[in-house]
Amino acid sequence: MPMQEITLEEWLDEDNPWTARLMGEDPFQQTRDAEQIDQEYDHDFYGKRLARFQADPERFERTPLYGEPSEIVASVGDRLFRMPHSGFVGIKRNAFLALLDRFEVSGELCELGAGNGQNHVWLQASQNRPVYGGEYSKNAVELAGHLGFDIAHFNFYEPNDYSLIRPNSTVFTFHAVEQIPDAHCIIAGLKSRREQVDRVIHLEPLYRPDREGLFGRLRNRYAEINDYNLNLLSCLEEDPDILIEHAEKDAFGNNPLNPASIIVWRFR
């Protein structure tokens, strides 16, 4: 299934529910609090995933490792493409592995917001170093244990939970900080373990007030009505203790309205 470029208008047509929501024709506003996270992720997403595993562990572990063959619309920068989901997964993972090589990452990898270890399975297959992490969803942590991954319970808002970060770790997040509307607590938590943190790699959506043009403004509006994080970039740029080593904005997204940017930083 080859990649096929399409226009924003083709994607945001009358059949796309986000068109009416973004235009204010269909009232929509999330509140990203503990109740919403518990329902959407712990109960609905990871609860159902854990139940599927418990019903048939062998079949669950045969879930395709490198994405599904089904077609999605994904973004690369400001361009939209129809492509196989597996193709997008390859783009994302290759970008992360390239960062590990570029910055000569040699220590342990620590993922915060690790889910049930979706990233750990392929990282362990391709990287000769330990991968561990923390996750808020109790169902996800339980499933990770069944699958043999080193993932503990973790809450971005709890300062003591950052004690799970081990010495000489590269901390990374994939679409996890987006769930925290105000990133100040994350920066403070990482600072409390700064001697253990070699550097931090984020593949996260970035809200940017400086965006111009229709597509950029729609992306900002999407973050606002979903109550996603709005200040990760400003928190990093304004902190004198932080050095941003690499930034690639709106790199790619399996949801073009919520693309991951790449930010690599370390404490000075």
Side-chain angles (χ1 to χ4, degrees), residues 30 32-57 59-68 72 85-86 88-93 95-97 100 108-127 129-158 161-162 164-166 169-181 183 186 189-190 200-205 226 228-229 232 252-255 258-260 262:
Q30 294 271 38
R32 203 152 293 277
D33 54 17
E35 181 180 358
Q36 194 272 337
I37 296 295
D38 286 341
Q39 181 65 41
E40 182 177 352
Y41 291 97
D42 188 48
H43 181 270
D44 291 347
F45 188 80
Y46 288 111
K48 293 176 181 177
R49 210 173 243 205
L50 176 61
R52 289 201 306 272
F53 171 85
Q54 293 169 332
D56 191 345
R59 184 177 180 185
F60 183 93
E61 292 182 324
R62 291 201 302 268
T63 299
L65 178 58
Y66 293 105
E68 304 286 350
I72 64 170
H85 177 259
S86 56
F88 174 80
V89 168
I91 291 172
K92 178 178 69 174
R93 293 178 180 177
F96 186 71
L97 294 177
L100 298 183
E108 293 186 273
L109 297 174
C110 173
E111 183 177 17
L112 300 183
N116 62 251
Q118 299 95 310
N119 291 315
H120 296 207
V121 61
W122 62 270
L123 280 169
Q124 288 178 350
S126 62
Q127 297 292 300
R129 65 170 64 84
V131 183
Y132 70 100
E135 166 59 39
Y136 175 77
S137 165
K138 294 179 181 178
N139 285 323
V141 172
E142 181 179 347
L143 178 54
H146 290 307
L147 298 174
F149 298 122
D150 184 3
I151 296 175
H153 185 262
F154 172 81
N155 186 336
F156 280 110
Y157 290 104
E158 291 296 331
D161 285 5
Y162 291 84
L164 68 81
I165 300 174
R166 302 167 188 168
S169 288
T170 292
V171 175
F172 71 98
T173 69
F174 280 23
H175 282 266
V177 175
E178 70 176 2
Q179 302 293 327
I180 311 299
I186 299 172
L190 292 171
V200 181
I201 301 175
H202 294 301
L203 272 69
E204 297 284 347
N226 281 283
Y228 284 142
N229 177 267
L232 174 59
F252 40 71
N254 61 347
N255 175 355
N258 198 41
I262 300 171

Report task. Under the side chain to side chain donor-acceptor pair (under 3.5 Å) rule, collect the residues that match up with Thr170, sequence neighbours excluded. Result -> none
Query raised in the report: Where do Tyr136 and Phe154 land on the side chain to side chain contact (heavy atoms under 4.5 Å, CB included) test, with the steps shown first?
Result: CA-CA 5 Å; Tyr136 175 77; Phe154 172 81; over 6 Å; no
Query raised in the report: Do Glu111 and Thr173 meet the criterion of a side-chain donor-acceptor pair at a distance under 3.5 Å?
Result: no
Query raised in the report: How many angstroms lie between atom CZ of Arg166 and atom CG of Leu164, to the nearest 0.5 angstrom?
Result: 8.0 Å
Requested in this report: Just do the ring pair (Phe, Tyr, Trp, His ring centres under 6.0 Å) check on Phe174 and Phe96 with the steps written out, would you?
Outcome: CA-CA 10 Å; Phe174 280 23; Phe96 186 71; 5.1 Å; yes
**Report entry** Stepwise side chain to side chain contact (heavy atoms under 4.5 Å, CB included) test for Tyr228 and Gln30
**Finding:** CA-CA 9 Å; Tyr228 284 142; Gln30 294 271 38; over 6 Å; no
Query - Shortest non-hydrogen contact from Gly113 toward Glu135 - result: C-OE1, 3.3 Å
Requested in this report: Determine the interplanar angle of the His146 and Phe53 rings, folded into 0 to 90°, and report it as parallel if under 30°, tilted if 30 to 60°, perpendicular if over 60°.
Outcome: parallel
Query - Aromatic ring proximity His202/Phe172, centre distance under 6.0 Å - result: no
Query raised in the report: Would you say the side chain of Val171 lies within less than 4.5 Å of the side chain of Leu190, judging by non-hydrogen atoms?
Result: yes
Query - Contacts of Gln124 that satisfy side chain to side chain donor-acceptor pair (under 3.5 Å) - sequence neighbours left out - result: none
Query raised in the report: Between Ile151 and Val141, which heavy-atom pair has the shortest distance, and what is it?
Result: O-CG1, 3.6 Å
Query raised in the report: Once you round to the nearest 0.5 Å, how far does CG of Asn226 lie from CD of Gln179?
Result: 9.0 Å
Query raised in the report: Are the side chains of Leu50 and Glu142 in touch, meaning some heavy atoms are under 4.5 Å apart?
Result: yes
Query raised in the report: Where is the tightest heavy-atom contact between Glu40 and Asp44, given as atom of each residue plus distance?
Result: O-CB, 3.4 Å
Query raised in the report: Taking only residues two or more places apart in sequence, or in another chain, which ones meet Glu158 in a side chain to side chain donor-acceptor pair (under 3.5 Å)?
Result: none
Query - Modelled atom types, side-chain donor and acceptor of Asn116 and Arg49, under 3.5 Å - result: yes
Requested in this report: First locate atom CG of Leu109, then atom CG of Asn119, and finally report the distance between them rounded to the nearest 0.5 Å.
Outcome: 10.5 Å
Requested in this report: Determine the minimum heavy-atom distance between Phe252 and Ala95, stating which atoms define it.
Outcome: CE2-CB, 3.7 Å
Query - Closest non-hydrogen atom pair between Ser137 and Tyr41, with its separation - result: OG-O, 4.5 Å
Query raised in the report: For the residue pair Phe149 and Tyr132, is the inter-centroid distance of their aromatic rings smaller than 6.0 Å?
Result: no
Report task. Specify the closest pair of heavy atoms between Gly133 and His120, including all atoms of both residues, with the distance to one decimal. Result -> N-CE1, 4.0 Å
Report task. Any chance you could measure Arg52, atom CZ, to Arg59, atom CZ, to the nearest 0.5 Å? Result -> 9.5 Å
